[in-house]
There are 2 protein chains.
Amino acid sequence: MARTKTDLDRSAKEQEILVVAQKLFVSLGYDATSMSRIAEDTGVAPNTLYWYFTDKDALLIAVLDRLVSAAFREYERRRKAPLERQLLWILGELKDAEGLIATVHSRTSVAPSLDAWHTNFHRMLELTLLTQLRAHGVAEEELGHAAKTTIFVIEGMLAHPSSAAEQRAFVRWLVSTIEPKRT
Amino acid sequence: MARTKTDLDRSAKEQEILVVAQKLFVSLGYDATSMSRIAEDTGVAPNTLYWYFTDKDALLIAVLDRLVSAAFREYERRRKAPLERQLLWILGELKDAEGLIATVHSRTSVAPSLDAWHTNFHRMLELTLLTQLRAHGVAEEELGHAAKTTIFVIEGMLAHPSSAAEQRAFVRWLVSTIEPKRT
DNA sequence: ACCTGAACACCGTTCAAGT
DNA sequence: ACCTGAACACCGTTCAAGT
């Protein structure tokens with residue numbers, strides 16, 4: 001069923017919309033970004049957006065997917081770095097998306113599709129963190145708790161900003177309590 | 001300047017509104033609760049609310065203050081309990097307000113008054129947690145990091161619900177890594 | 001001082017109509 | 001298939017007017 005020509009056009013237009021939406025969501029926040037504004041910046045009528053995305057939450061999910069997959073591609077290069085540096089990198093990487101993370105948390109109860117995306121994202125995150133911690137010698141029975149703690153601390157640090165120096169000290173302390181002592 | 005009579009009336013009406021707002025915010029969520037609905041359930045016209053509260057965020061802050069001070073009164077009785085039990089109690093206590101916590105985080109960037117409330121709340125929370133951890137024998141240089149970790153983990157557990165059994169196991173593990181080993 | 005009816009400027013979304 | 005103008009039902013908030 002190769003309707004290739006049309007499909008390319010469609011996904012090109014989708015991407016065009018998503019680039020605009022991402023920029024606005026990240027800079028203004030989800031609530032403060034109206035569909036009209038996204039349409040205006042894309043150069044279409046407001047209701048045109050609904051031909052490409054079912055609603056505003058679908059738009060948000062698509063934007064989140066873009067952000068996450070971009071971050072994951074970058075992350076591949078840092079798989080071998082020490083744990084402490086990896087965590088600090090993640091913190092810097094997610095800094096811009098801090099507002100969107102808070103939005104996701106506040107909308108899981110009201111938008112089932114977003115809730116599904118959220119649980120799935122955490123599954124992925126936990127999985128990669130598990131293998132990462134295992135590689136760094138964390139004991140098998142502690143892996144689950146250690147991974148959860150790490151994730152929660154990252155989210156906490158994003159929601160409650162502190163200075164770069166404090167961040168480094170905190171992450172160092174966290175890693176030292178989680179990683180087995182070196183001899 | 002004792003305008004006592006009027007002041008009493010006023011604060012009585014305020015409380016009446018707050019009881020309604022609290023019930024709706026907790027059950028429906030902040031966004032899903034309209035000012036009109038609060039007014040309707042209180043039995044006044046929508047714009048009447050603005051005579052008592054400057055805007056919807058002021059209403060939210062007043063509700064949060066009610067919830068927090070009630071929780072703190074209850075907490076006084078549990079100051080002496082073991083750390084593990086204290087944390088589990090807090091988790092249960094905040095469970096209903098989970099949605100509001102997420103709302104606070106997502107609105108700090110857009111509502112300065114809420115942001116101020118939020119930082120102040122965390123200051124209080126951190127302070128009581130610090131004395132609590134100190135009393136449980138946590139080393140002085142670790143206090144700050146341990147308190148932060150505890151707070152972040154609590155917030156994380158609220159935002160990402162798990163079974164009661166998992167909660168207990170996780171909290172037990174957390175306390176065991178933070179508290180000094182007993183001999 | 002306290003409360004309201006009516007209006008304002010917005011919002012996300014839908015629908016009938018055009019090409 | 002793609003896009004739009006116009007409308008719908010809402011939203012938080014303001015304002016002039018009443019008592």
Side-chain angles (χ1 to χ4, degrees), chain A residues 1-18 20-22 24-25 28-63 100 103-104 106-107 109-114, chain B residues 1-18 20-22 24-25 28-63 100 103-104 106-107 109-114:
Chain A
M1 309 290 180
R3 267 171 297 168
T4 338
K5 178 69 183 321
T6 312
D7 284 4
L8 273 184
D9 282 5
R10 177 172 183 100
S11 98
K13 196 90 181 184
E14 272 176 16
Q15 291 306 314
E16 202 182 330
I17 294 171
L18 285 178
V20 171
Q22 176 171 327
L24 292 173
F25 281 163
L28 305 180
Y30 179 78
D31 280 324
T33 301
S34 68
M35 294 296 271
S36 304
R37 174 68 189 276
I38 297 172
E40 189 183 328
D41 285 18
T42 317
V44 296
N47 45 0
T48 299
L49 300 179
Y50 292 87
W51 202 87
Y52 293 94
F53 300 93
T54 57
D55 57 16
K56 201 183 177 186
D57 280 307
L59 210 36
L60 174 58
I61 289 178
V63 165
L100 288 191
T103 299
V104 169
S106 77
R107 290 189 68 75
S109 59
V110 78
S113 58
L114 198 54
Chain B
M1 311 285 185
R3 268 172 296 167
T4 339
K5 178 69 185 320
T6 313
D7 284 5
L8 273 183
D9 283 5
R10 180 176 180 97
S11 98
K13 195 88 181 187
E14 272 176 16
Q15 291 305 314
E16 202 182 330
I17 294 170
L18 286 177
V20 171
Q22 176 171 327
L24 291 174
F25 281 164
L28 305 181
Y30 179 78
D31 281 324
T33 301
S34 68
M35 293 295 271
S36 303
R37 175 66 188 278
I38 296 172
E40 189 183 328
D41 285 18
T42 318
V44 296
N47 43 0
T48 299
L49 300 178
Y50 291 86
W51 202 88
Y52 293 94
F53 301 92
T54 57
D55 58 15
K56 200 184 178 185
D57 280 308
L59 210 37
L60 174 59
I61 289 177
V63 165
L100 288 191
T103 299
V104 169
S106 78
R107 290 189 69 73
S109 60
V110 78
S113 58
L114 199 55

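Below, chains carry the letters A, B, ... as their sequence lines are ordered, and counting in each starts from 1.
- The two residues B:T33 and B:I38 come nearest to each other via the heavy atoms CG2-CG1, 3.7 Å.
- Atom pair B:K13:NZ and C:dC3:C1' shows a separation of 9 Å (rounding to whole Å applied).
- For the atom pair CG of A:L24 and CE of A:M35, the computed distance is 11.5 Å after rounding to the nearest 0.5 Å.
- Look at B:D9 and B:K13 and you find no salt bridge, because none of the NZ, NE, NH1 or NH2 atoms lies under 4.0 Å from a carboxylate O.
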| query | For B:F53 and B:L18, what are the C-alpha separation, side-chain angles and deciding distance, and is it a side-chain contact (heavy atoms from CB on, under 4.5 Å)? | reply | CA-CA 10 Å; B:F53 301 92; B:L18 286 177; 3.7 Å; yes

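- Looking at the side chain of B:T48, the nearest of the listed nucleotides D:dT4, C:dT4, C:dC2 is C:dT4.
- Partners of A:E14 under the side-chain hydrogen bond (donor to acceptor under 3.5 Å, both in side chains) rule, at least two apart in sequence or in another chain, are A:R10.
- When all heavy atoms of B:A32 and B:L28 are compared, the pair lying nearest together is CB-O, 3.4 Å.
- Checking side-chain atoms of B:T103 against main-chain N and O of B:Y30 turns up no donor-acceptor pair under 3.5 Å.
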- request: Please lay out, stage by stage, how B:E16 and B:V20 fare under the test side-chain contact (heavy atoms from CB on, under 4.5 Å).
  value: CA-CA 7 Å; B:E16 202 182 330; B:V20 171; 5.8 Å; no

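- B:F53 has its CZ atom 15 Å from the C1' atom of C:dC2, to the nearest Å.
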Heteroatom pairs (N/O) under 3.5 angstrom, protein to nucleotides 9-13 of chain C:
residue, atom, partner, partner atom, Å
C:dC11, OP1, A:S34, OG, 3.4
C:dG12, OP1, A:T33, O, 3.4
C:dG12, OP1, A:M35, N, 3.4
C:dG12, OP1, A:K56, NZ, 2.8
C:dG12, OP2, A:M35, N, 2.9
C:dT13, OP2, A:Y50, OH, 2.7
C:dT13, OP2, A:K56, N, 3.0
C:dT13, O5', A:Y50, OH, 3.3

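- Looking at DNA chain C, the stems built from 3 or more consecutive Watson-Crick or G-U wobble pairs, each pair with its key distances under 3.5 Å, are C:4-8 with D:12-16, C:12-16 with D:4-8.
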